[in-house]
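FYI, the numbering just counts along the sequence from 1.
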Amino acid sequence: MSNIITITLRKNLKDFYLLFWSILLPLAALIGMKYFDVKLSIGILFGILSVALFFYCCTTNSFYIYAQRKRGIFDLLRITPFSLWRYLGAITISQTLVACVVSTILLLVENFLFDLNLTGFQVVLFLPLFFLGAAIFSLLGFALSAIPKNEGQLSIVSNLVLLPMAIFSPLVFHLETAPILVRGISLINPFAWLQNGYLATLSVQPVDYLLSLLLLIMLLVISFIFAKYSFKPDKV
């Protein structure tokens, strides 16, 4: 399993989509907004981190797993002693590690450009949020890769998942005053709980921070169930 993690890490570090969607594009957006003195709320700044996590861990991963499904990789794994879930777990771990590093870099850039005044301890508190968010989105990528018939449909499906997550979260709504439907959806929305965790870290609210971690862990379990179901023999 460690060999697969190492191989996948090397592949990820050479991945153009990683460089573009998760590093270059967010950095260009942040630097551009600073240069043109665009006034951004803290919520939108932190929301950029969640969107970057989604693009890499879910969108990129879903295309990667979709390609492997089409090549019959998972059918071959079923007739080998190596567990399918050890293989998928290795992919998830490697992607999550890279995503945590990338998100931390983006956070430090935001801290420098927009004077967030984060302490070292606060930066450390962001790491569990990045880890859980990346793992959830990676597992969602596994599940989404089982839905479409071609890559064009996969792109549509990915966007149809991203948009509601972003819209029904503090990025768009103040959840305290949002309609009941929006608040209900936000309870199972990882974007909402990531955002809540970010803001709790910034404002030093340990109860809200721990609540966010707890809900993200629950969503991680739900994502795992969906991902596991998508790899039933009749779906691979």
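- Partners of Lys149 according to the side chain to side chain donor-acceptor pair (under 3.5 Å) rule, which considers only residues two or more places apart in sequence or in another chain, do not exist here.
- Looking only at distances, no side-chain donor or acceptor of Asn61 sits under 3.5 Å from a matching main-chain atom of Gly141.
- Applying the side chain to side chain contact (heavy atoms under 4.5 Å, CB included) criterion to Asn189, with sequence neighbours excluded, gives Met165, Phe168, Ser169, Phe191, Ala192.
- The shortest side-chain heavy-atom distance between Leu113 and Ile31 falls under the 4.5 Å cut-off.
- Side chains of Cys58 and Val161 form no contact here, defined as non-hydrogen atoms less than 4.5 Å apart.
- Pro148 pairs by the side chain to side chain contact (heavy atoms under 4.5 Å, CB included) definition with Tyr66, Gln153, Leu154, not counting sequence neighbours.
- Within 6.0 Å of atom CZ in Phe224, more than 12 heavy atoms from other residues, nucleotides or ligands are found, so the atom counts as buried in its surroundings.
- The line from OG1 of Thr59 to CG of Leu162 is 6.5 Å long, rounded to the nearest 0.5 Å.
- Counting heavy-atom neighbours within 6.0 Å of Leu163 CG, excluding the residue itself, gives a total above 12.
- With sequence neighbours left out, Tyr35 forms a side chain to side chain contact (heavy atoms under 4.5 Å, CB included) with no residue at all.
- Applying the ring-ring contact (aromatic ring centres under 6.0 Å, His included) rule to Phe126 yields the partners Phe46, Phe130, Tyr198; only residues at least two apart in sequence or on another chain are considered.
- Considering only residues two or more places apart in sequence or on other chains, Phe112 meets the side chain to side chain contact (heavy atoms under 4.5 Å, CB included) condition with none of them.
- Around atom NZ of Lys34, more than 12 heavy atoms belonging to other residues, nucleotides or ligands sit under 6.0 Å away.
- The side-chain heavy atoms of Gln122 and Asn117, taken from C-beta on, include no pair separated by under 4.5 Å.
- Just one residue in the list Leu144, Leu139, Leu140 forms a side chain to side chain contact (heavy atoms under 4.5 Å, CB included) with Phe142, and that residue is Leu139.
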